[in-house]
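Remarks on the structure that follows.
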Amino acid sequence: MLKAGPSQEEIRQHNLGTLLRHVHLGGPVSRTVLADRMGLNRSTIMALTSELTSAGLVREELPKETGRAGRPSLVVRPESDRVYVLAFDVAVDRLVAARVGLGGKILNRREAVRARAGADLDDVVEVLAGLARRIQHEAAPDSICVGVGAAYCGMIRPGDGMVRFGPNMGWVDQAFGAELGLRLGLGLPVSVGNEAHLGALAEHERGVGIGFANLVYLHGDVGVGGGIIVGGKLLDGDGGYGCELGHMIVNPYNGRPCGCGSRGCLEAEVGEQALLDAAGRAELVGHDGIRAVVDAAGRGDLAAQNALDRIGDWLGIGVANLINLFNPGLVIFGGMLRDIYRGSADQVHRRVAANGLVISREKVQLRTSALGNDVTLIGAAELAFSEILASPLEVLARTTS
């Protein structure tokens with residue numbers, strides 16, 4: 001029996017979402033360019049943009065300069081100031097809340113320090129909800145929140161935002177998504193993702209990874225996480241817990257103990273504590289401590305230089321393994337690993353050259369994150385936008401009803 005193809009309504013809904021996604025990710029774009037990108041005629045594009053304009057999701061305007069004779073093609077812009085999501089980033093040392101407009105514009109944000117105090121679910125959701133109230137108070141009265149997304153430094157169960165395991169803060173089976181949703185009181189579900197997975201998606205869609213179908217993203221906080229994009233899609237694993245790159249074993253016999261219960265994980269050998277211990281700087285902590293060691297090495301401090309060489313060697317081993325396994329076009333270092341890579345790039349490259357397969361590494365690029373400290377926050381925002389980009393009018397109607 002032949003399977004029926006998509007209906008005209010399903011095609012229309014798909015095209016509305018695709019057009020909105022082009023404008024959201026690519027910024028202001030003319031109708032003519034949209035027609036070329038989507039393979040649709042201009043009258044269809046005009047009808048789609050008219051629907052999205054009527055819904056208040058985009059606006060159309062004349063281009064400032066055309067440089068051509070004849071009637072110019074209208075430019076379609078996202079309504080960034082009117083349509084927004086709430087995005088949260090829960091790292092080991094900080095809590096961030098932001099209002100992010102359609103198009104990826106961070107409209108306003110607030111931060112708070114997070115103490116390293118163990119399982120602190122109640123404190124975290126209380127602080128985040130308080131930050132959210134402050135930033136929403138600054139929103140225009142006619143603005144609309146269409147989603148909520150959060151990045152958390154742990155293993156997240158898909159669907160309900162349950163933190164199954166957060167080794168650096170002792171979180172085990174904590175209902176983070178549900179509790180934050182209740183505390184916010186917006187009637188919107190909270191979509192939660194692993195911070196490094198979301199960082200990989202953010203860099204792929206908005207950062208240095210644009211144009212790369214296959215990439216590896218390594219994120220450093222206190223520990224190390226990772227995300228892998230294969231064929232343009234995130235590699236998530238059977239249960240959604242894939243790409244725990246920080247728990248790849250690189251030093252099984254004499255390795256440092258890891259918070260996950262194993263020894264010799266990449267996280268244990270290149271994380272914050274490993275570098276500070278190697279540099280003899282136990283009094284330092286966090287990203288500021290990492291930067292202090294890297295800066296000291298740059299000034300000629302021998303202990304700091306030796307520490308970075310050691311950490312860079314283990315990092316290079318991990319990267320060589322990932323290159324051999326996944327043959328990425330790009331490896332990105334984010335979070336504190338941006339600073340560690342800055343101070344140990346030569347050692348990382350030497351190890352990759354020694355241990356990476358020649359064919360697999362011949363074209364790979366090693367780069368630092370383009371989105372800086374906001375990479376996981378931007379990833380959380382993109383997670384929050386995912387529903388409205390898939391079904392713009394349906395989600396907007398549900399949100400405003």
(message) List the residues meeting ring-ring contact (aromatic ring centres under 6.0 Å, His included) with His219, not counting sequence neighbours, and say none if there are none.
(response) Tyr217

(message) Quick one, Arg31 and Glu60 - any side-chain contact, counting heavy atoms below 4.5 Å?
(response) yes

(message) Between Asp374 and Leu377 (side chain of the first, backbone of the second, donor and acceptor by atom type, cut-off under 3.5 Å), is there such a pair?
(response) no

(request) State, to 0.1 Å, how close Ala119 and Gly170 come at their nearest heavy-atom pair, and which atoms those are. (result) CB-O, 4.0 Å

(message) If you compare all heavy atoms of Val208 against all heavy atoms of Ala370, which two are closest, and at what distance to 0.1 Å?
(response) N-CB, 3.6 Å

List, one per line, each side-chain donor-acceptor pair under 3.5 Å for residues 297-304, sequence neighbours excluded.
residue	atom	partner	partner atom	Å
Asp301	OD1	Ala303	N	3.0
Asp301	OD1	Ala304	N	2.9

(message) With a 4.0 Å cut-off on N to O distance, would you call Glu111 and Arg109 a salt bridge?
(response) yes

(message) Salt bridge or not between Arg291 and Asp288? Use side-chain N to carboxylate O under 4.0 Å.
(response) yes

(message) Other residues, nucleotides and ligands only: do more than 12 of their heavy atoms fall within 6.0 Å of CZ on Arg350?
(response) yes

(request) Check whether any side-chain heavy atom of Leu215 lies under 4.5 Å from a side-chain heavy atom of His204, and answer yes or no. (result) yes

Kindly list each side-chain donor-acceptor pair under 3.5 angstrom involving residues 383-396, sequence neighbours excluded, with atom names and distances?
residue	atom	partner	partner atom	Å
Ser386	OG	Leu383	O	2.7
Glu387	OE1	Arg398	NH2	2.8

(message) Rounded to the nearest 0.5 Å, what separates atom CG in Asp309 from atom CH2 in Trp314?
(response) 14.0 Å

(request) Considering non-hydrogen atoms only, spot the tightest contact between Leu234 and Ala200 and give its length. (result) CD1-CB, 4.5 Å

(message) Between Val216 and Ile323, is there a side-chain heavy-atom distance shorter than 4.5 Å?
(response) no

(request) For side chain to side chain contact (heavy atoms under 4.5 Å, CB included), just list the numbers for Phe176 and Val124, CA-CA rounded to whole Å, side-chain angles, deciding distance to a tenth of an Å, and then say yes or no. (result) CA-CA 9 Å; Phe176 172 53; Val124 166; 4.1 Å; yes

(message) Do Thr44 and Leu48 have side chains that approach each other closer than 4.5 Å (heavy atoms only, starting at C-beta)?
(response) yes

(request) For His197 and Cys243, work out which heavy atoms get closest and say how close. (result) NE2-CB, 3.7 Å

(request) Could you tell me the separation between the CG atom of Leu74 and the OG1 atom of Thr32, rounded to the nearest 0.5 Å? (result) 9.0 Å

(request) State whether the number of non-hydrogen atoms from other residues, nucleotides or ligands found under 6.0 Å of Glu61 atom CD is greater than 12. (result) yes

(request) Look at Asp221 together with Arg94 and state whether they make a salt bridge at an N to O cut-off of under 4.0 Å. (result) no

(request) Look only at the side chain of Ser143 and the backbone of Ala139, and say whether a donor-acceptor pair between them is shorter than 3.5 Å. (result) no

(request) Using the side-chain contact (heavy atoms from CB on, under 4.5 Å) rule, pick out the option among Val293, Val348, Val270, Asp277 that qualifies with Ile311. (result) Val270

(request) Show your working on side chain to side chain contact (heavy atoms under 4.5 Å, CB included) between Arg338 and Asn373 and close with a plain yes or no. (result) CA-CA 10 Å; Arg338 286 182 301 146; Asn373 291 333; 2.6 Å; yes

(message) Using side-chain heavy atoms (C-beta onward) and a distance below 4.5 Å, is Phe165 in contact with Tyr241?
(response) no

(message) Between Leu245 and Val224, is the side chain to side chain contact (heavy atoms under 4.5 Å, CB included) condition met? List the steps.
(response) CA-CA 7 Å; Leu245 307 186; Val224 174; 5.6 Å; no

(request) For residues Ala150 and Leu198, report the shortest heavy-atom separation together with the two atoms involved. (result) O-CD1, 3.8 Å

(request) Count the heavy atoms of every other residue, nucleotide or ligand shown that sit under 6.0 Å from CZ of Arg42, and state whether that count exceeds 12. (result) no

(request) Output the distance between atom CG (Asp236) and atom CD1 (Ile228), rounded to the nearest 0.5 Å. (result) 11.0 Å

(request) Using the salt bridge (charged side-chain N to carboxylate O under 4.0 Å, His left out) rule, take Arg157 and Asp173 through it: C-alpha gap first, then chi angles, then the decisive distance, then the call. (result) CA-CA 9 Å; Arg157 184 164 69 194; Asp173 290 335; 5.6 Å; no

(message) Counting C-beta onward and ignoring hydrogens, is there a side-chain heavy-atom pair between Leu308 and Val294 closer than 4.5 Å?
(response) yes

(request) Just do the salt bridge (charged side-chain N to carboxylate O under 4.0 Å, His left out) check on Arg116 and Glu272 with the steps written out, would you? (result) CA-CA 14 Å; Arg116 298 186 183 184; Glu272 172 191 309; 2.9 Å; yes

(message) Could you check whether any side-chain N or O of Glu203 sits under 3.5 Å from a backbone N or O of Leu371, counting only pairs where one atom can act as donor and the other as acceptor?
(response) yes

(message) I'd like to know if Arg77 pairs up with Glu79 as an ion pair, taking the criterion as any Lys NZ or Arg NE/NH1/NH2 lying under 4.0 Å from an Asp or Glu carboxylate oxygen.
(response) no

(message) Rounded at 0.5 Å granularity, tell me how far NZ in Lys363 sits from CG in Leu330.
(response) 14.5 Å

(request) Return yes if a side-chain donor-acceptor contact under 3.5 Å exists between Arg361 and Asn355, otherwise no. (result) no

(message) Go through it in stages, so that I can follow the logic: the residues are Asp313 and Arg310, the test is salt bridge (charged side-chain N to carboxylate O under 4.0 Å, His left out), and I'd like the CA-CA distance, side-chain angles, deciding distance and then a yes or no.
(response) CA-CA 5 Å; Asp313 196 50; Arg310 175 183 174 82; over 6 Å; no

(request) From the options Asp89, Asp123, Asp93, Asp120, select the one residue that forms a salt bridge (charged side-chain N to carboxylate O under 4.0 Å, His left out) with Arg114. (result) Asp120

(request) Look up atom CG in Leu86 and atom OH in Tyr84, then write down how far apart they are to the nearest 0.5 Å. (result) 5.5 Å

Only pairs under 3.5 Å count here: list side-chain donor-acceptor contacts from residues 14-26, not counting sequence neighbours, and write none if there are none.
residue	atom	partner	partner atom	Å
His14	NE2	Thr18	OG1	3.4
Asn15	ND2	Ile11	O	3.4
Thr18	OG1	His14	O	2.9
Arg21	NH2	Glu205	OE2	2.7
His24	ND1	Gly103	N	2.8
His24	NE2	Arg206	NH2	3.3
His24	NE2	Glu382	OE1	2.9
His24	NE2	Glu382	OE2	3.2

(request) Could you tell me which non-hydrogen atom of Ile156 sits nearest to which non-hydrogen atom of Gly193, and how far apart they are? (result) CG1-C, 3.7 Å

(request) Kindly write out the residues that satisfy ring-ring contact (aromatic ring centres under 6.0 Å, His included) with Tyr341, not counting sequence neighbours, or none if the list is empty. (result) Phe333

(message) Check whether Arg256 reaches the backbone of Ala268 with its side chain - one donor and one acceptor, N or O, closer than 3.5 Å.
(response) yes

(message) Is there a side-chain contact between Ser30 and Val76 in this structure, where contact means two heavy atoms from C-beta onward sitting under 4.5 Å apart?
(response) no

(message) Listing request: all salt bridge (charged side-chain N to carboxylate O under 4.0 Å, His left out) pairs with a residue in residues 132-146, at least two apart in sequence or in separate chains.
(response) Arg110-Glu138

(message) Contact between Arg82 and Ile144 at the side-chain level, heavy atoms closer than 4.5 Å - yes or no?
(response) yes

(request) State the SG-CE distance between Cys260 and Met155, to the nearest 0.5 angstrom. (result) 9.5 Å

(request) Output, in order, the C-alpha distance, side-chain angles, deciding distance and verdict of side chain to side chain contact (heavy atoms under 4.5 Å, CB included) for Val375 and Ile378. (result) CA-CA 5 Å; Val375 61; Ile378 291 170; 6.0 Å; no

